Every structure is written in structure tokens, then in C-alpha cells.
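When reading the values below, keep in mind they use all heavy atoms of this one structure, side chains included, and skip hydrogens, waters and symmetry mates. Protein chains get the first letters and strands the later ones, always in sequence-line order, with residue 1 at the start of each. Keep in mind that what you see is a predicted model, and the values were worked out from it rather than measured.
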There are 2 protein chains.
Amino acid sequence: MRFSHQRQKVREIVYKTNSHPTADWVFTEAKKSIPNISLGTVYRNLKQLEKSGYIKTIYDGNIARYDWKTEPHNHLKCKNCGDLIDIVFLDESIHPKIKKDFKFNVDKVEMFIIGTCKKHAKHS
Amino acid sequence: MRFSHQRQKVREIVYKTNSHPTADWVFTEAKKSIPNISLGTVYRNLKQLEKSGYIKTIYDGNIARYDWKTEPHNHLKCKNCGDLIDIVFLDESIHPKIKKDFKFNVDKVEMFIIGTCKKHAKHS
DNA sequence: ATAATAATAGGAATGATTACTATTTATTTT
DNA sequence: AAAATAAATAGTAATCATTCCTATTATTAT
């Protein structure tokens with residue numbers, strides 16, 4: 001894979017935010033410094049960056065979001081504001097139990113905990 | 001909400017399978033007995049059935065699947081065959097811990113465990 | 001049976017993502 | 001440093017899942 005300014009920029013944008021951005025948001029940001037970058041280029045590079053292990057794809061409902069944090073972690077999703085909050089709740093220590101109980105070799109666990117974050121809780 | 005043959009059929013189709021079908025598969029099945037049913041009708045009814053609590057929607061990557069099993073449960077997803085396997089691994093007992101540790105009120109947990117099922121494991 | 005209106009069929013519209021292709025650009029070879 | 005090679009791009013068309021729209025049909029209350 002050879003160098004391109006577009007790929008470098010896409011990567012930089014994902015690495016600079018904790019907002020788990022969508023492809024479209026990355027596109028909008030990238031246009032600020034590369035005005036004629038195309039959306040296809042953003043998608044292609046996000047896919048390549050994931051393949052190379054630099055970023056991870058998160059499926060939030062039926063939209064893809066991207067995350068620079070590649071270590072195993074989980075997400076809280078506030079149904080009120082839509083924010084995704086990174087947490088570490090389950091780690092790889094559950095893999096042997098799943099293998100034993102269900103005869104299933106685990107690669108990774110994707111968990112969304114859906115509810116209300118502290119900013120939007122009605123009361124305690 | 002008043003009776004319709006189409007809604008009854010959609011519900012019956014989802015209730016008869018353990019394959020976590022997509023809207024399109026439900027549509028194909030429904031056409032066998034209601035040849036001129038439309039895809040929009042299938043989508044509308046799936047949504048209504050979910051709202052009424054008869055079925056649940058599962059987002060598998062960026063495609064919606066439907067599940068008659070409405071009690072909390074989790075899914076193993078084999079990356080080899082794509083099958084979704086129902087398991088009960090995490091239950092609501094984790095909710096208080098998440099509330100305490102992260103100040104987050106949990107409604108539900110969506111978990112996908114991705115890996116290789118026993119049919120497709122290379123060896124132990 | 002009639003009136004009121006929820007639900008439908010069929011097709012158009014939308015939104016996210018992928019595919020296509022002529023051109024540009026990074027790297028390699030000379 | 002110029003030419004050759006091939007990867008990457010821009011721009012656009014195509015695809016796929018899903019939703020929206022509207023005239024017509026079907027269910028239910030009167």
C-alpha cells in the first residue's frame with residue numbers, strides 16, 4: 001500500500017476524535033483541507049485502514065462508525081443523545097467460558113449497552 | 001391496530017423460523033401465499049410487530065434481522081457460515097453494576113459474539 | 001349496509017455504501 | 001532526472017436496504 005495524502009488525512013481525522021464518526025462526517029472534515037476529495041475515497045481508505053488494523057468499524061444500528069481505539073472495549077449508547085461512550089466491561093477472559101459452554105471459538109465480542117447516560121437521566 | 005391478513009402472515013413467518021430472517025426473506029416467504037404483498041407492507045408490519053412487543057430487531061452488521069424470541073438473550077455469530085445462534089450468557093443482573101460503575105441506566109444489552117461455530121472449527 | 005379510516009400495493013424517493021473508469025500521482029526502473 | 005508502472009483518486013453511476021407517498025381496498029363501528 002503506498003502513500004496518499006487522502007489516506008493520511010482520513011486516518012488523522014479518525015485519530016483526532018472520540019466521537020466515533022461516520023464516513024460522511026469524516027468526508028466533511030476532510031474537505032476542509034482537501035476540497036475535492038471524494039466520498040468514495042473516504043470509504044475506500046476507511047476500509048483499508050480497518051484491514052491494516054489502524055481503526056475499527058462499529059455498527060450503530062444500520063450505520064457504520066469508526067473508532068481509532070482498537071483494543072477490545074464496549075460501548076454505552078444513550079438513546080437520548082445518541083452518544084457512544086467507551087467503557088471496558090468485558091474482556092477476553094470470557095472467551096474460554098464461551099468456548100467451553102457453547103463449543104464456539106471467539107474472535108471478538110461486540111456489545112452495545114443501550115440506555116440513558118447521566119446527562120439525560122430524569123433522576124437517580 | 002386492526003386486523004390484516006398481511007400482518008398475520010408476516011408474524012407467522014417470523015414465528016416459524018429460528019433463522020433470524022431479514023425483511024427480504026420474510027417478503028419472499030410471504031409472497032408464496034399472498035403473491036401481491038408488497039415489500040413496504042412487510043417492513044411496515046415488522047416495525048409494528050416490534051412496537052407491539054411481538055418481535056425484536058437485531059442489527060447484524062448493517063442489515064436488520066428479526067427474532068420472535070423477545071426475552072433478553074445474546075447471539076453467537078459464525079463468521080464462516082453467517083449463522084446466528086441464540087445463547088443466554090448475560091442477563092439483567094449486570095444492570096446494577098453498570099449503573100454503579102458508569103452512572104448509566106441500562107435498558108437493554110445487545111451483544112454479538114463473533115467467531116467460529118463448532119461446524120466450522122478447523123480443530124479443537 | 002354505510003361511513004369512517006386503517007392498511008395495502010406499487011412505485012418513487014432516500015441514504016448509505018460500493019462499483020466503474022478515465023485521469024492523476026507515488027514509486028520503481030532506467 | 002525522465003520514463004515506465006501501477007496504485008490511488010475524482011466524479012459519477014449503480015446497488016441495496018429501507019422509507020415515503022398516494023390512490024385504492026378492506027376492516028370495523030354504527
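Per the geometry, CG belonging to Leu39(A) stands 10 Å off P belonging to dA16(C), to the nearest Å. Counting to the nearest Å, the C1' atom of dA7(C) and the NZ atom of Lys47(B) are 16 Å from each other. Per the geometry, CZ belonging to Arg2(B) stands 14 Å off P belonging to dA4(C), to the nearest Å. Between Arg7(B) atom CZ and dT28(D) atom C1' the separation is 13 Å, expressed in whole Å. Look at CD1 on Ile37(B): it is 17 Å from P on dT25(D), rounded to the nearest Å. Atom P of nucleotide dA17(D) and atom CG of Asn62(A) are separated by 12 Å, given to the nearest angstrom. In this structure, Trp25(B) places its CH2 atom 16 Å from P of dT18(D), rounding to the nearest Å. Distance Lys9(A) NZ to dA10(D) C1': 18 Å, rounded to the nearest Å.
The heavy-atom pair separating His73(A) from Lys69(A) by the smallest distance is CE1-O, 3.2 Å.
The phosphate of dG11(D) (OP1 or OP2) has no side-chain N or O of Ser38(A) nearer than 4.0 angstrom. Here Tyr43(B) does not reach the OP1 or OP2 of dT19(D): none of its side-chain N or O atoms lies under 4.0 Å away. Close to dA7(C), at under 4.0 Å from its OP1 or OP2, lies no side-chain N or O of Ser4(B). In this model, the phosphate group of dT27(D) is approached by a side-chain N or O of His5(B) to a distance below 4.0 Å at OP1 or OP2.
Test Asp83(B), Asp60(B), Asp24(B) against Arg65(B) for salt bridge (charged side-chain N to carboxylate O under 4.0 Å, His left out) and you get one pass: Asp60(B).
The side chain of Gln6(B) lies closest to dA9(C), out of dT27(D), dA9(C), dA26(C).
Phe27(A) carries Lys31(A) over the face of its six-membered ring, with the cationic atom under 6.0 Å from the centre and within 45° of the normal.
Relative ring orientation between Trp68(A) and Tyr15(A) is described as tilted, the plane-to-plane angle lying within the 30° to 60° band. His20(A) and His75(A) have perpendicular rings, their planes meeting at more than 60° on a 0 to 90° scale where under 30° would count as parallel.
The residue Asp24(B) sits apart from the nucleic acid: no heavy atom pair falls under 4.0 Å.
With DNA chain D read from its 5' end, the first of the two nearest nucleotides for Tyr59(B) and Phe3(B) is the one closest to Tyr59(B).
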